[in-house]
Amino acid sequence: MAGDRILDGLNAAQREAVTHDAGPLLIIAGAGTGKTTVITRRIAWLIARKKARPEEILALTFTDKAAAEMEERVDQLVPYGYADVEIATFHAFGDRLLREHALELGLQPDFRVLNRAEQVIFFRDRLFQFPLERYRPLGDPTKHLQAMITLISRMKDEDIAPEAYAAHAERLRALAAAAPDDAELAARAAQHAELARTYAKYQELMAASGAIDFGDQIVHALRLLRQRPYVLGGYQRRFKYILVDEFQDTNWAQFEIVKLLGARHANVAAVGDDNQAIYRWRGAAVSNFRGFLQHFPRARVLVLTENYRSHHRILDAAYRLILNNPDRLEESEEGRRHGVTKKLAAVRELDGAEPQHLHYETASQEADAVAQLIRERVEARAWKYDDVAVLVRSNSDADQFLRSFNLRGVPWTFSGNAGLYGRPEIRLLIAFLRAVAHPDDSVSLHYLALSDIYQVPIVDVTRCSTYADRRHRWLFDVFRRAEELREIRDELEDEGREAIRRLVADLTRYMELAREMPTGEVLYQFLVDSGWLARMSKAATARDEAEVQNISKFFRRVQDASKALRYDNLREFVNHLDGLIDAGEDPAVAEADVETPAVRVLTVHKAKGLEFPVVFLVSLVQDKFPLRGRREALEVPVELIRETLPAGDFHQQEERRLFYVGMTRARRELYLTSARDYGGARQRKVSQFVLEALDLPKDAARPFKAKAVEEIQRFAPPAEPDAARLAPIPPEQELLISHKQVDDYQTCPLKYRYVHVLRVPILRHHAVVYGSTIHKVVEHYLLRRTAGNYTSLEDLQAVYEREWDNQGFLTWEHEEARKAAGRQALTRFWHEEEAGGTKPTYVEKEFGFSLGADRVRGRFDRVDQDLFGATIIDYKTGDVAAQKVADRRAKESLQLKIYALAWREMTGALPQRVELRFLEANLVGRHTPDEGDTEEAGAAVEAAAVGIRARAFEATPSYSACRYCAYNQVCPFTATRE
DNA sequence: GGTGTATCTCTTTTT
DNA sequence: GAGATACACC
């Protein structure tokens with residue numbers, strides 16, 4: 001009988017686990033101890049011994065991948081091929097329950113499951129239906145949206161219903177009422193009340209539109225089992241045996257489901273390793289381990305410690321590390337009672353080298369040394385490339401290594417989790433789709449025109465953009481009428497003329513096609529016509545191949561997404577895609593071909609469950625690994641959390657477990673590497689985990705030197721296609737420059753080029769549109785006042801109505817709310833001015849002064865003069881919370897520094913004060929400028945002028961610069977991954 | 001030891 | 001651009 005085969009090769013503890021007859025069972029399976037083997041064989045054993053029929057067994061996992069793998073291994077073991085065992089992820093299982101009982105739960109039977117990006121869109125589309133205030137600021141209504149969605153999702157992990165949250169908020173309100181002096185408590189009560197109402201509203205709206213989210217797949221299923229005893233009874237009778245994989249990753253709600261389903265037979269077997277719990281941040285409750293023993297006090301506990309992966313030197317180091325975590329199961333009361341020990345013993349890899357720590361001077365030396373070592377060892381035939389894995393804590397740590405691998409000719413694959421929409425080939429396709437769907441999207445058209453496919457000379461594109469921008473026309477219209485517009489026609493070279501003609505003809509044709517064809521077909525046609533398809537089919541290099549795979553991945557997404565649309569047409573699709581991108585969707589780039597041997601670079605999280613002969617854990621310095629802990633923007637109130645929270649610094653403990661996971665991936669060799677300098681100003685300390693694992697003294701860092709030449713090579717800027725560089729502006733020629741130009745150049749020279757040189761037209765952001773409307777109204781009032789004319793409040797409001805521009809608002813509710821807020825701010829402004837505001841000396845006063853060969857120009861919103869001197873005032877509409885912030889903004893404003901300099905240049909004296917008047921917040925930021933400010937202003941202007949004259953427009957991407965840049969969708973250097 | 005300024009980072013991933 | 005932290009300075 002098959003029994004022999006099922007127990008073949010198992011050690012004693014494994015055999016016990018597999019053949020455990022009935023009753024609850026907790027299997028604590030350390031890294032590499034054959035966890036999956038035990039589960040799959042146990043399933044096979046239960047069937048072979050007729051303990052249960054296949055359909056009476058339920059096995060729950062976390063990932064689709066794990067479920068698929070388990071299913072395959074069970075199939076191999078169970079002779080008759082009847083794969084009726086219910087092997088599913090928690091979510092898939094919950095989903096099935098819901099679909100079978102949708103009506104009883106008040107759900108539409110064909111409900112849709114929204115992913116994160118779709119949730120964001122759903123919420124944003126209905127943002128103004130939510131009872132929000134504090135968490136929906138009008139200047140940036142979606143500011144807290146992501147945080148609220150995360151909060152709701154965490155609430156579901158913890159099995160906290162909207163009513164429970166509301167009750168908590170109510171308790172806080174009562175407490176606050178009892179303590180009227182505690183302003184902080186009152187604020188907290190109000191915030192939670194707002195969030196609780198929002199959570200309830202979210203559930204209501206989701207139900208009304210027939211949608212659920214991933215969290216609902218668990219909590220609705222839980223509700224079903226709780227509220228419908230006959231449903232619960234049915235499943236309890238059916239599932240005689242339940243197995244849970246990766247038990248340390250279950251959250252509270254998931255364990256509740258397991259408890260309910262297993263209540264009748266109590267044949268629940270959970271398998272996991274508390275030392276490998278690395279998903280606390282998404283709700284995993286390590287305390288479920290202890291919870292299991294409390295819920296099933298008579299549970300059998302088996303500990304697997306025979307490790308089939310690594311040799312003892314690696315295992316000992318990992319154990320030394322993990323001993324530093326106080327909260328381990330083996331230290332707990334329950335753990336002791338059951339004699340849990342987690343010290344792993346090597347049984348296959350008998351001996352090997354101690355894990356090594358390699359420390360370097362700089363990050364690039366570290367990366368280079370790793371690359372070189374791998375190469376040497378491969379050339380010496382000691383390793384193969386695909387024996388080696390480089391594990392990083394954060395995706396961004398991988399860059400340096402990939403660059404070094406390129407330099408040394410080491411083949412690699414990187415499994416990141418994003419970046420598809422950032423690939424140049426995909427950006428181009430998206431730009432194409434946008435240009436066809438929205439002829440007024442000049443940014444995309446601009447990108448398309450300059451692309452390899454159309455190759456319109458940059459001079460010609462710039463000429464057309466500038467023309468379009470000055471006349472407020474679409475770039476597309478200017479292209480289309482290039483032959484008629486004399487200013488354009490006479491200046492175009494033949495080459496440009498032909499390229500533009502081709503571009504316009506193509507786009508027109510695709511617009512026609514898009515009227516009837518689904519998006520996928522339009523895109524396909526473009527790939528054919530542009531010659532890409534032909535090029536793709538003869539992809540020669542690995543790079544080409546990656547490009548092709550990315551394109552086909554995007555293609556599949558296009559087809560998936562168009563299915564979700566009511567009408568599959570290009571416009572709908574592009575709007576949908578823009579929504580998704582805006583909501584943060586960014587699929588991973590295509591996985592590289594696994595057949596070519598290559599070093600695998602991946603995050604430690606992704607490496608969980610995998611093993612490699614050689615492992616490098618890299619960038620091991622404090623604040624990188626362990627990464628500094630960050631709190632969630634909105635947190636589940638601790639009072640509502642039912643699981644026992646771990647004691648002490650649990651962030652650091654989780655990082656340590658993650659490090660443990662990383663170390664225990666290695667079979668034969670483990671290298672821990674670090675460097676002193678990672679590009680910041682500060683020296684970095686070697687990760688405490690390295691010292692703990694290797695039992696090193698605190699000063700164990702030993703620097704190495706790299707060769708200077710290699711250093712220089714690596715810092716060489718990436719080769720940039722030299723786009724018809726124009727001659728610099730000679731020193732004798734005057735350069736006109738404004739504070740906005742200086743500011744843009746400082747932010748990023750390439751942004752400066754987009755805005756002020758190429759003049760790529762963009763849609764203005766609602767906050768900008770709104771700001772300029774308010775500005776105009778204020779200006780109208782002040783000008784009249786200076787001239788001695790009275791303006792009634794009604795007239796002021798009339799001007800406001802007339803000047804109102806509805807560009808860019810999220811929805812009409814947003815527009816209405818903003819408009820009302822503006823009306824209020826203007827009313828207040830009017831009252832204050834009428835009640836005795838000083839009469840302005842100048843309004844909208846132009847200024848200009850020379851700084852060397854440069855001439856700085858601009859315009860003061862308002863200048864008030866009195867006996868003590870001048871006050872320069874600039875009006876703002878932004879959101880400022882406190883006086884301190886307003887003052888700081890005034891103090892740090894480059895604009896005001898330049899204004900102060902201008903005033904001194906023109907009058908000989910510094911203004912006594914500069915002010916930022918925040919109209920909506922009703923705050924005034926004040927600052928007294930000094931020589932330091934004017935010096936700084938002069939230096940900033942000069943630095944920008946030098947760059948602009950030299951036409952130096954290299955991008956300086958950074959998180960903050962790119963985040964709100966209007967060009968981040970088409971800019972090849974953007975630091976945003978969207 | 002307290003305060004002000006300089007510096008750094010802005011994860012991890014599944015359903 | 002915000003928020004946290006490290007460091008310098010008193």
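Below, chains carry the letters A, B, ... as their sequence lines are ordered, and counting in each starts from 1.
For A:Ser394, the side-chain contact (heavy atoms from CB on, under 4.5 Å) partners are A:Ser396, A:Asp397, A:Leu627, not counting sequence neighbours.
Contact check, A:Asn395 against B:dT13: a side-chain N or O comes under 4.0 Å of OP1 or OP2.
In this structure, NE2 of A:His605 is placed 13 Å from P of B:dT11, rounded to the nearest angstrom. Between the CG atom of A:Asp245 and the P atom of B:dT15 there is a distance of 13 Å, given to the nearest Å. Between A:Gln248 atom CD and B:dT14 atom C1' there is a gap of 14 Å when expressed in whole angstrom units. The separation between A:Glu654 atom CD and B:dT13 atom P is 13 Å, rounded to whole Å. If you measure from atom CD of A:Gln683 to atom P of B:dA6, you get 20 Å, rounded to the nearest angstrom. In this structure, A:Phe111 atom CZ and B:dT15 atom C1' are separated by 13 Å, rounded to whole Å. A:Asp677 has its CG atom 10 Å from the P atom of B:dC8, to the nearest Å. The separation between A:Glu585 atom CD and B:dT13 atom C1' is 15 Å, rounded to whole Å.
Residue-level contact check: A:Arg684 touches the backbone only, with heavy atoms under 4.0 Å from sugar-phosphate atoms and none from bases. Using a 4.0 Å heavy-atom distance criterion, A:Arg628 is classed as a sugar-phosphate-only contact. Among the atoms of the strands shown, none is found under 4.0 Å from any heavy atom of A:Asp213. Backbone-only engagement by A:Thr603 is indicated by non-hydrogen atom pairs under 4.0 Å involving sugar-phosphate atoms exclusively.
Of the possible donor and acceptor atoms, one in the side chain of A:Asn324 sits under 3.5 Å from a partner among the backbone N and O of A:Leu321. A donor-acceptor pair under 3.5 Å links the side-chain atoms of A:Asp933 to the main chain of A:Asp930, judged by distance alone.
Comparing B:dT13 with C:dA2, their C1' atoms sit 25 Å apart, to the nearest whole Å.
Looking at the side chain of A:Trp281, the nearest of the listed nucleotides B:dT14, B:dT12, B:dT15 is B:dT12. For A:Arg282, whose side chain is taken as the heavy atoms from C-beta onward, the closest listed nucleotide among B:dT15, B:dT14, B:dC10 is B:dT14. Nearest to the side chain of A:Thr63, among B:dT11, B:dC10, B:dT14, sits B:dT14. Listed nucleotides: B:dT14, B:dT11, B:dT15. Nearest to the side chain of A:Asp64: B:dT15.
A salt bridge is absent between A:Arg280 and A:Glu654; no separation between the charged side-chain nitrogens and carboxylate oxygens falls under 4.0 Å. A salt bridge does not link A:Asp399 with A:Arg403: none of the charged nitrogens is closer than 4.0 Å to a carboxylate oxygen.
For the side-chain contact (heavy atoms from CB on, under 4.5 Å) criterion with A:Phe659, the lone passing option out of A:Val604, A:Val690, A:Ile322, A:Thr664 is A:Val690.
In the 5' to 3' direction, nucleotides of DNA chain C lying under 4.0 Å from heavy atoms of chain A begin and end at C:dG1 to C:dA6.
Stacking between A:Tyr279 and B:dT14 is absent: the aromatic ring centre is not both under 5.5 angstrom from the base six-membered ring centre and within 30 degrees in plane angle.
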> Hey, mind stepping through A:Phe689 and A:Tyr660 against ring pair (Phe, Tyr, Trp, His ring centres under 6.0 Å) and telling me if it holds?
Replying inline: CA-CA 9 Å; A:Phe689 296 157; A:Tyr660 177 83; over 10 Å; no
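Between A:His91 and A:Phe214, the ring planes are perpendicular. Angles over 60° get that label, and only those under 30° would be called parallel.
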